[in-house]
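Working notes, beginning with the structure itself.
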Amino acid sequence: MKKPKKLGIWMDHNIAHLMEFTNEPFEVKTIESSYAKQSNLGTTSKLKEQHRQFKYYKKIGDVIKDYYQVILFGPTDAKIELFNMLSEDDRFVKIKLEIKDTEKMTRSQLHLFVTEYFSAS
């Protein structure tokens, strides 16, 4: 029987660091957004930014669909926005998704957080 695939994602609105939980040292993959948060955007620009943000979340979702358990963590509401988008998509119903608030982290802290989270579950 194959072990369930587990994924940790530290993210904000600009970048996501994806780490598959394994017994071996895990590699960090990065997905970047072209999103630029600006408060005084006109309606057309806001729609363009929403479209860019949707594309960013879709890229992350395309990776998540191959996993059984995912922890979304980071300092902004981006993880909640992604969670809400995934919750509306039937392809993600069987994936256990959880959200945790954290601050910015170093690469070592990211690894430690993901290791401790999945070791405890």
- Start with the C-alpha distance between Tyr56 and Leu82, add both sets of side-chain angles, then the distance that settles side chain to side chain contact (heavy atoms under 4.5 Å, CB included), and finish with yes or no. CA-CA 9 Å; Tyr56 170 59; Leu82 175 61; over 6 Å; no
- Stepwise side chain to side chain contact (heavy atoms under 4.5 Å, CB included) test for Lys96 and Tyr67: CA-CA 9 Å; Lys96 181 182 176 186; Tyr67 291 85; over 6 Å; no
- Passes side chain to side chain contact (heavy atoms under 4.5 Å, CB included), Lys6 versus Tyr117? Steps please. CA-CA 10 Å; Lys6 300 174 181 182; Tyr117 177 82; over 6 Å; no
- Note on the structure: CD of Glu81 to CD of Gln53, rounded to nearest 0.5 Å, is 6.5 Å
- Measure the spacing between CD of Glu49 and OG of Ser34 and express it to the nearest 0.5 Å. 6.5 Å
- Item | Tyr68 six-ring face occupied by Lys5 cation (under 6.0 Å, within 45°) | no
- Note on the structure: Distance col, row Ile15:CD1 vs Thr30:OG1, nearest 0.5 angstrom, shows 5.0 Å
- Query: Would a 4.5 Å heavy-atom cut-off, applied to side chains only, mark Ser119 and Phe21 as touching?
  - Reply: yes
- Query: So do Lys104 and Trp10 actually touch side chain to side chain, heavy atoms under 4.5 Å?
  - Reply: yes
- Item | hydrophobic_cluster_shared for Phe54 and Met11, side chain cutoff 4.5 Å | yes
- Given side chains that start at C-beta, do those of Val70 and Phe92 come closer than 4.5 Å, heavy atoms only? no
- Distance col, row Ile9:CD1 vs Ile31:CD1, nearest 0.5 angstrom, shows 7.5 Å
- Item | Distance (rounded to the nearest 0.5 Å) between Ile64 CD1 and Arg91 CZ | 10.5 Å
- Item | Lys65 NZ to Leu7 CG distance, which is reported to the nearest 0.5 Å | 12.5 Å
- Message: Using side-chain heavy atoms (C-beta onward) and a distance below 4.5 Å, is Val63 in contact with Lys59?
- Response: no
- With Val114, the side-chain contact (heavy atoms from CB on, under 4.5 Å) member among Gln109, Glu20, Met19: Met19
- So, for Lys79 and Lys100, which heavy atoms are closest and what is the spacing to 0.1 Å? CE-O, 3.3 Å
- Item | Distance-minimising heavy-atom pair for His111 and Val28 | NE2-CG2, 3.6 Å
- Query: Would a hydrophobic clustering, with Ile, Leu, Val, Met, Phe, Trp and Tyr connected at side-chain separations under 4.5 Å, put Leu112 with Met105?
  - Reply: no
